[in-house]
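Read through the structure below, which is laid out as structure tokens, and then see the notes.
Indexing begins at 1, ligand by ligand and atom by atom, following the structure's order.
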Amino acid sequence: MSATAARTPARVFSGVQPSGLPHLGNYLGAFRNYIAMQEGNDEIICIVDYHALTSTHDAELIRRNTYEMALGLLALGLDPDKAVLFRQSDRPEHAELAYLLSTVVPVSWVERTPSFKEKKRTQPDDVNHALLTYPVLQTADIAIYKCRYVPVGKDQAAHLELAREIIRAWNVRYGAVFVEPEAVFTDSPIVKGTDGIQKMSKSLGNVVEIFAPEEVIRKQITSMVTDTQRILRTDPGRPEICNVCQLHRFFGDDYETIWEGERTARTGCVDTKRLLADRVLGAFSEARDRRAELAARPGYVEEVLRAGAERLAPMARETLRETHERMGLGGSEAPAAGAPAS
Ligand code: AMP
Ligand code: TRP
């Protein structure tokens with residue numbers, strides 16, 4: 001390609017569960033790529049409320065969290081003039097495509113998905129059927145718009161690998177209609193939580209939120225587990241394994257100086273946490289103001305979500321039409337007169 005040839009915009013898709021207020025794991029692992037990749041690409045971001053039903057059964061909570069997640073993304077810089085933001089249940093074609101794709105998926109593929117095994121352990125009294133087919137719906141989300149690039153955190157790598165296998169299996173059976181998607185990671189694909197061990201996750205309660213009140217964010221950061229072998233203030237710290245030090249890499253360009261302070265015990269964990277809290281609050285102060293502004297505009301978020309879903313309707317319908325045709329569904333030309341019935 002010559003240097004002057006116009007680049008074809010790449011199709012980008014990602015989904016986020018309406019699990020409440022965004023946290024640092026979401027932002028550093030995925031949302032910053034949503035915001036970077038909206039420039040010059042055809043990007044679609046979806047609040048996946050169907051997926052949330054696999055674990056949350058409180059209708060009001062799903063609705064409120066959908067609003068909060070959309071508001072948070074807009075405040076963080078997702079621009080509805082550049083990317084499409086919509087709610088999954090406003091495009092029910094996703095559910096239909098999931099059913100159609102599921103016909104090529106051996107049960108063993110979904111039974112061995114790590115997230116399904118994990119859910120069997122964490123919600124043993126609610127191992128519902130939709131949990132098993134969760135990755136098939138995720139595949140349909142991406143496939144229905146024929147998207148290639150999928151910005152996600154590392155916890156989604158297995159789902160993306162499965163999506164590729166499902167799409168490959170369907171394309172082999174019916175012809176190349178769908179695009180095999182590729183995960184796109186940031187340089188912090190797994191952000192650890194305040195416990196310093198598990199990945200940061202709302203359901204584990206180990207998050208640093210972005211839009212919580214200032215005192216809450218300070219408290220969340222102060223509660224972070226650091227280097228557990230650093231007991232006395234005078235003990236040298238090990239920044240490589242300290243989660244607070246790791247997070248400093250993303251909030252200022254002097255993290256090496258901060259790390260050196262820890263190594264030489266010139267600074268203590270409390271100082272380093274305080275500094276991190278100041279920087280996190282500083283980094284998101286504009287987004288926090290913007291969130292307040294947008295929240296004060298009645299109906300704004302709903303308007304963005306509805307317009308997004310509307311824009312996607314022709315593409316979703318066209319993909320389904322093509323899929324029906326390949327799979328032998330729906331009407332076609334009447335069989336020629338006298339042709340044998342079978
Ligand atoms: P979820 O809230 O689980 O739908 O996550 C939304 C996006 O954030 C997904 O792409 C996740 O992979 C990503 N994400 C969530 N938690 C983390 C984390 N602790 N580290 C990195 N990425 C994350
Ligand atoms: N499973 C993803 C998560 O928990 C959410 C999701 C649903 C998604 N559909 C998607 C992510 C399609 C990327 C592409 O974070």
Option nearest atom 7 (C) of ligand 1 (shortest heavy-atom distance, choices Ala183, Pro189, Ala30): Ala30
What protein heavy atom sits nearest [atom], and how far away is it?
atom                    : answer
atom 5 (C) of ligand 2  : Gly15 O, 3.5 Å
atom 15 (O) of ligand 2 : Gln156 NE2, 3.5 Å
atom 20 (N) of ligand 1 : Val191 N, 2.9 Å
atom 10 (C) of ligand 2 : Gln138 CG, 3.3 Å
atom 5 (O) of ligand 1  : Asn26 ND2, 3.5 Å
atom 9 (N) of ligand 2  : Asp141 OD2, 2.7 Å
atom 23 (C) of ligand 1 : Gly25 O, 3.4 Å

Could you state the interatomic distance from OH (Tyr27) to CG (Asn33), rounded to the nearest 0.5 Å? 10.0 Å
What distance do Ile167 atom CD1 and Lys146 atom NZ have between them, rounded to the nearest 0.5 Å? 11.0 Å
Measuring to protein heavy atoms, does anything land under 4.0 Å from atom 3 (O) of ligand 1? no
Using distance alone, determine whether [X] and ligand 1 share an N or O pair under 3.5 Å.
X      : result
Val16  : no
Ile190 : no
Pro151 : no
Asp155 : yes
Ser201 : no

Check ion pair [X]-[Y] (N to O, under 4.0 angstrom):
X      : Y      : result
Glu260 : Arg266 : no
Glu310 : Arg306 : no
Glu215 : Lys219 : no
Glu96  : Arg317 : no

At a 4.0 Å threshold, what atoms of ligand 1 neighbour a non-hydrogen atom of [X]?
X      : value
Gln156 : 12 (O)
Ser19  : 2 (O)
Gln17  : 4 (O)
Gly29  : 21 (C), 22 (N)

Judged by atom type as modelled, is there a donor-acceptor pair below 3.5 Å linking the side chain of Lys154 to the main-chain atoms of Phe185? no
Applying side-chain contact (heavy atoms from CB on, under 4.5 Å), name anything that partners Tyr300, two or more places apart in sequence or on another chain. Leu74, Pro80, Leu294, Arg297, Val304
Closer than 4.0 Å to some heavy atom of Tyr134 - which atoms of ligand 2 meet that? 1 (N), 2 (C), 3 (C), 4 (O), 5 (C)
Subset of ligand 2 atoms that lie under 4.0 Å from at least one heavy atom of Val150: 13 (C), 14 (C)
Are the side chains of Glu262 and Arg238 in touch, meaning some heavy atoms are under 4.5 Å apart? no
Are any non-hydrogen side-chain atoms of Phe250 and Asp187 less than 4.5 angstrom apart? yes
Ligand 1 versus His23: contacting region, heavy-atom distance under 4.0 Å: side chain
With a heavy-atom distance limit of 4.0 Å, tell me whether Val152 approaches ligand 1 through its side chain, its backbone, both, or neither. both
Region of Val152 that comes within reach of ligand 2 [heavy atoms, distance under 4.0 Å]: side chain
Below a 4.0 angstrom heavy-atom separation, can you tell me which part of Ile142, side chain or backbone, both or neither, approaches ligand 2? side chain
Contacts of Phe116 that satisfy ring pair (Phe, Tyr, Trp, His ring centres under 6.0 Å) - sequence neighbours left out: none
Do Arg291 and Phe211 form a cation-pi contact, if we require the NZ or CZ to be under 6.0 Å from the six-membered ring centre and within 45 degrees of the ring's axis? yes
For the pair His94 and Phe13, name the ring-plane relationship: parallel under 30°, tilted 30 to 60°, perpendicular over 60°. tilted
Once you measure the plane-to-plane angle for Tyr174 and Trp170, does it fall in the parallel (<30°), tilted (30-60°) or perpendicular (>60°) bin? tilted
